[in-house]
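This report concerns only the one structure given below.
When reading the values below, keep in mind they use all heavy atoms of this one structure, side chains included, and skip hydrogens, waters and symmetry mates. Both counts, for ligands and for their atoms, begin at 1 and track the order of listing.
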Amino acid sequence: MSEVRTPFSKLQRNKHLPFGDRQDRPYYSKSILSVSQFSRSDIAYIFGVAREMHQMVARVGCFDLLRGKVLANLFYEPSTRTASSFVAAMERLGGSVVAINEVRYSSVSKGESLRDTVRTLECYADVIVLRHPEVGAAAIAADAARKPVINAGDGIGEHPTQALLDLYTIREELGTLDGLTVTLLGDLLHGRTVHSLAQLLAHYDNTTIRYVSPESLRMPAELVATLNDSGVTQTEHTDLGDVLGETDVLYVTRIQKERFADPGSYKKVQGSYTITPELLTGAKERMIVMHPLPRVGEIVEAVDEDPRAAYFRQMEYGMYVRMALLALVLGKA
Ligand code: NCD
């Protein structure tokens with residue numbers, strides 16, 4: 001059944017209504033712009049589909065659920081994992097990808113607007129994945145487009161698909177999302193992954209979030225205030241030692257060098273935290289270390305041997321979550 005496209009249905013999609021608000025195929029044709037679109041039951045549903053994707057990949061590798069569908073992967077900022085996992089997700093589902101990873105070789109370098117670029121790509125593709133340096137760019141793209149747009153990171157704003165895969169990783173590794181103490185470490189001011197993840201954690205019972213960062217890179221105060229209103233216990237620290245021992249999930253981020261106005265202020269906070277095997281002797285036996293990656297020295301390679309190091313498994317979970325999201329948005333799950 002093809003969807004009737006009225007101005008109202010376009011408006012609805014672009015107003016970021018809750019993800020699952022339609023009864024027939026609730027996720028079909030929805031843009032994914034912000035984690036605020038997802039309820040706890042949406043997340044449970046997505047995770048169920050992701051688990052099926054995992055089983056199918058283990059069993060048959062690739063299958064034809066999205067055969068004939070095309071994804072446009074439009075990246076205005078560098079990416080290894082997000083870009084390639086969307087490609088792998090689409091291809092494992094039998095679909096294909098138009099990749100624009102180097103916008104400097106596209107008409108963007110001639111001054112084409114984001115709106116026009118998106119309207120071009122939707123002529124060729126069924127869904128657009130967008131990474132852009134400006135906060136709100138994905139919402140602008142979704143407003144211009146008739147096809148769904150998936151936000152793969154908008155500046156220091158949000159990274160909703162990363163947050164979903166982060167949450168999925170925690171669920172798979174620790175078996176629950178309730179009652180956890182999650183420590184977010186590093187550049188909490190500029191890190192879009194932590195902005196999105198903190199909001200998703202607020203859906204679960206008795207969540208405690210410990211923020212550990214240099215003074216100048218604290219979690220945005222508005223976000224802390226919002227989570228406070230939703231009943232999340234939160235505290236801020238500069239010293240990881242204050243909270244490491246009670247931590248169930250240690251989520252490490254890099255200091256985001258490219259977001260600093262001048263190299264001097266980056267230098268002041270560079271290398272603020274380094275996770276080593278010795279440091280982890282003070283952590284719980286049953287805990288996990290996560291990182292969205294890339295790492296630039298925050299976790300030394302020797303930690304990779306520790307079974308608690310979950311960051312490589314986290315990447316693999318990411319492909320299953322992105323397979324689920326593509327299947328749902330394209331109306332096939
Ligand atoms: C993150 C990002 O791009 O926000 N990486 C990712 O998507 N896996 C984190 C980062 O760049 O530090």
Practice problem: Give the numbers and elements of all ligand 1 atoms closer than 4.0 Å to a heavy atom of Gln256. | Solution: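 Those qualifying, in numeric order: 10 (C), 11 (O), 12 (O).
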Self-check item: Enumerated ligand 1 atoms positioned under 4.0 Å from heavy atoms of Arg254
Solution: 10 (C), 11 (O), 12 (O)
Quiz item: How far is atom 8 (N) of ligand 1 from its nearest protein heavy atom, and which residue and atom is that?
Solution: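 Residue, atom and distance for the closest contact: Pro292 O, 2.9 Å.
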Self-check item: For atom 6 (C) of ligand 1, closest protein heavy-atom neighbour
Solution: Leu293 O, 3.6 Å
Exercise. Answer with side chain, backbone, both or neither: which part of Gln162 has a heavy atom less than 4.0 angstrom from an atom of ligand 1?
Key: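 Just the side chain.
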Quiz item: Taking heavy atoms and a distance under 4.0 Å, where does Thr193 meet ligand 1: side chain, backbone, both or neither?
Solution: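 Within the 4.0 Å criterion, Thr193 contacts ligand 1 through side-chain atoms alone.
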Quiz prompt | Lys332 vs Glu52, salt bridge (Lys or Arg N to Asp or Glu O under 4.0 Å): CA-CA, chis, key distance, verdict | solution = CA-CA 13 Å; Lys332 298 285 184 186; Glu52 282 174 33; over 6 Å; no
Quiz item: Is the shortest side-chain N to carboxylate O distance from Lys284 to Asp248 below 4.0 Å?
Solution: yes
Practice problem: Give the single entry among Arg81, His159, Arg192 that approaches atom 3 (O) of ligand 1 most closely by any heavy atom. | Solution: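 Among Arg81, His159, Arg192, the closest heavy atom to atom 3 (O) of ligand 1 belongs to Arg192.
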Could you tell me whether the side chains of [X] and [Y] share a donor-acceptor contact shorter than 3.5 Å?
{"X": "Thr161", "Y": "Arg322", "value": "yes"}
{"X": "Asp166", "Y": "Thr169", "value": "no"}
{"X": "Arg254", "Y": "His291", "value": "no"}

Quiz item: Going through the distances and angles, do Arg295 and Asp304 end up as a salt bridge (Lys or Arg N to Asp or Glu O under 4.0 Å)?
Solution: CA-CA 12 Å; Arg295 61 176 157 184; Asp304 302 356; 2.8 Å; yes
Self-check item: Within one Ile-Leu-Val-Met-Phe-Trp-Tyr cluster: Val212 and Ile255, side-chain cutoff 4.5 Å
Solution: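 The answer is no; the residues belong to distinct hydrophobic clusters.
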Quiz item: Any heavy atom of Arg131 sitting closer than 4.0 Å to ligand 1?
Solution: yes
Quiz item: Under a heavy-atom criterion of less than 4.0 Å, does Pro294 contact ligand 1?
Solution: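 Yes; Pro294 lies near enough to ligand 1 that a heavy-atom distance drops under 4.0 Å.
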